[in-house]
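In the text below, chain A, chain B and the rest are named by the order of the sequence lines, each starting its count at 1. As the structure is a computational prediction, the values presented were derived from the model and not from experiment.
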Protein chains: 2
Amino acid sequence: MKKARYHHGNLRHSLIKAARDMIREGGMEAVSLRKLAVRVGVSRTAAYHYFKDKNILLCTLAEEGFHIWQEEADRIFLDEKMSHEDRYKAYIRWYMTYALENAEYYDLMFGRAIWKQNTATANLKTIAYDVFQKQVEVTRQWQKYGVLPVGEDSLRLAQVTWGTLHGLARLLIDGIYSDDSPIDEICACAANLLMDK
Amino acid sequence: MKKARYHHGNLRHSLIKAARDMIREGGMEAVSLRKLAVRVGVSRTAAYHYFKDKNILLCTLAEEGFHIWQEEADRIFLDEKMSHEDRYKAYIRWYMTYALENAEYYDLMFGRAIWKQNTATANLKTIAYDVFQKQVEVTRQWQKYGVLPVGEDSLRLAQVTWGTLHGLARLLIDGIYSDDSPIDEICACAANLLMDK
DNA sequence: CAATGCAATTTGACAGTGTCAAGATTGATG
DNA sequence: CATCAATCTTGACACTGTCAAATTGCATTG
């Protein structure tokens, strides 16, 4: 189907697509610019015209991930058919399953590789910040509607809530919990602890 | 001080020590067998006589980390001078500060690098399992003494508790939270949520 | 229409990395 | 003293990311 022309035509897009697949298959650390080039049918350094770095490529992918993330999360946050309490539970449930089903992507988005050495793109920082900001906002709502305890500062509460979900997701994803851990039970237990009693 | 003899004498020990330093300086991913060799003053492949893999070396170091971890944790678990509630709070506080102060080591011990592809040594698996097992046991105690809610299954409760601490630690270590996050407040908020009310 | 410019792509090269196989050195043992 | 096995080194290979310089080809001028 594809001709081996000199000008690929939509290399940038092809690279992103291939990288996406590569991440899903073998995780972020399995992404190699050279293998990527082979897969797309182009020479080793062709990608450097569209991405200054390997890091920039990864940030672009992560950015993409955050946009999808935000869409899906909003779908729950704004679902008027559910009570606030049910939305909260659904959010927890969604967070865990989404993280597990897109484990490698989750690792890319929330992993240390990008954030640790402060190598994140400005765009990436922005969208990630927005995602968390929304979390804080929704936390405030849940407090208002009696789902979450009112006594706590909203920011702290959002931080700890997120910490819990993030931690559980990581422990499951990274294989530190045994594989057969019952996610439903864990989610339920987490909800019980976090919600106002 | 050190002669450049052919037989180093205690190479294994020197390698571990150097690797330890290297981790503290630049993190796990900065550990390179070749740099390690230079630092110890030995040739590139000398380490292979003591560690079959780079992975085995890392597992050895992680193992070491877990032993220290367990000692320090026990010091709190068994401190009779504190009430059970205070022990719980102290444990949370210790967990976070220890994780932050030994961030790179924490990443090695609890990071995906070792656990994800199931590359952990049998010894490492054992000690890690023991550490978690102790967590479950102590959780049961805390339930018994009214610090943690009795309604929850001890195993689930321990999982979620650990998830929370792990998640917060990771978010802080990986630089996803802003650096100036008030750890004390976060710990307090986490304690409030997790403890029985 | 040819020439020129410019963007897209390739080739070559360098410094890293982990790891295997085969050789060199040495302290200890018979 | 000779031998041996443990210890360490050298050489080599296949990877990685990335820079600089050449090449290719499309499009827009003169």
Side-chain angles (χ1 to χ4, degrees), chain A residues 2-19 22-23 25-62 104 108 111-114 116-121, chain B residues 2-19 22-23 25-62 104 108 111-114 116-121:
Chain A
K2 286 198 191 148
K3 298 258 180 170
R5 338 228 255 158
Y6 191 95
H7 285 75
H8 183 283
N10 48 0
L11 184 53
R12 188 191 151 91
H13 191 264
S14 299
L15 284 169
I16 290 185
K17 192 178 162 192
M22 228 161 171
I23 288 181
E25 290 165 18
M28 186 182 51
E29 42 274 324
V31 174
S32 136
L33 288 186
R34 298 175 100 111
K35 278 183 194 148
L36 210 56
V38 172
R39 190 177 287 212
V40 177
V42 91
S43 99
R44 318 160 232 143
T45 61
Y48 281 84
H49 239 259
Y50 300 95
F51 306 97
K52 189 204 143 220
D53 253 351
K54 182 181 180 182
N55 175 60
I56 300 289
L57 170 61
L58 291 178
C59 284
T60 307
L61 292 167
E104 305 300 345
L108 172 65
R112 74 168 3 208
I114 285 184
K116 172 66 190 313
Q117 266 92 16
N118 206 32
T119 156
T121 304
Chain B
K2 283 194 189 154
K3 298 259 183 172
R5 337 230 254 161
Y6 194 96
H7 284 76
H8 183 284
N10 48 359
L11 184 52
R12 188 190 152 92
H13 191 264
S14 298
L15 284 169
I16 291 185
K17 192 178 163 193
M22 228 159 170
I23 288 181
E25 289 165 21
M28 185 181 54
E29 43 274 323
V31 174
S32 138
L33 288 187
R34 298 174 101 111
K35 279 182 194 149
L36 210 56
V38 171
R39 192 176 287 212
V40 178
V42 92
S43 99
R44 327 166 222 133
T45 62
Y48 281 84
H49 241 260
Y50 300 94
F51 307 97
K52 188 204 143 219
D53 252 353
K54 182 182 180 180
N55 175 61
I56 300 289
L57 170 60
L58 292 178
C59 283
T60 308
L61 292 167
E104 306 300 345
L108 172 66
R112 75 170 0 208
I114 284 183
K116 172 67 189 315
Q117 265 92 13
N118 206 32
T119 158
T121 304

message = With a 4.0 Å limit, can you tell me whether A/S43 has a side-chain N or O closer than that to the phosphate oxygens OP1/OP2 of C/dT9?
response = no

Within-4.5 Å side-chain heavy-atom neighbours: A/Y48 and A/L33 = yes

inquiry  = Without decimals, in angstroms, what is the distance between A/H49 NE2 and C/dA7 C1'?
reply    = 6 Å

query = Atom CG of A/L36 and atom P of C/dT9: how far apart are they, to the nearest Å?
reply = 14 Å

ask   = Do B/K116 and A/E29 meet the salt-bridge criterion of a basic N to acidic O distance under 4.0 Å?
value = no

note = Assign each of A/R44 and B/L11 the nucleotide of DNA chain D bearing its closest heavy atom; nearer the 5' end lies the nucleotide of B/L11

inquiry  = From CG of A/L33 over to C1' of C/dT10, roughly how many Å is that when rounded to an integer?
reply    = 16 Å

inquiry  = In whole Å, I'd like the distance from the CD atom of A/E29 to the P atom of D/dT16.
reply    = 14 Å

query = Side chain of A/V42: nearest nucleotide among C/dT17, D/dT9, C/dT9?
reply = C/dT9

ask   = B/Y50 near the nucleic acid: base, sugar-phosphate alone, or nothing, with a heavy-atom cut-off under 4.0 Å?
value = sugar-phosphate

task = Check if the side chain of A/T45 and the base of C/dT9 share a donor-acceptor pair of N or O atoms closer than 3.5 Å.
result = no

Nearest-angstrom distance from the residue atom NE2 of A/H13 to P of C/dA8 = 17 Å

query = Can you tell me how far P of D/dC26 sits from CG of A/N10, to the nearest Å?
reply = 15 Å

query = So do the side chains of A/R12 and A/T60 get within less than 4.5 Å of each other, counting heavy atoms only?
reply = yes

inquiry  = For B/S14 versus B/V40, what's the shortest heavy-atom pair and its separation?
reply    = CB-CG1, 3.9 Å

key: Interatomic distance where OH belongs to B/Y48 and P belongs to D/dA6 [whole Å]   = 21 Å

ask   = With a 4.0 Å cut-off, would you call A/E25 and A/R39 a salt bridge?
value = yes

ask   = CZ of A/R34 versus C1' of C/dT10: gap in Å, rounded?
value = 13 Å

key: Distance below 4.0 Å between A/K35 side-chain N/O and D/dT16 OP1 or OP2   = yes

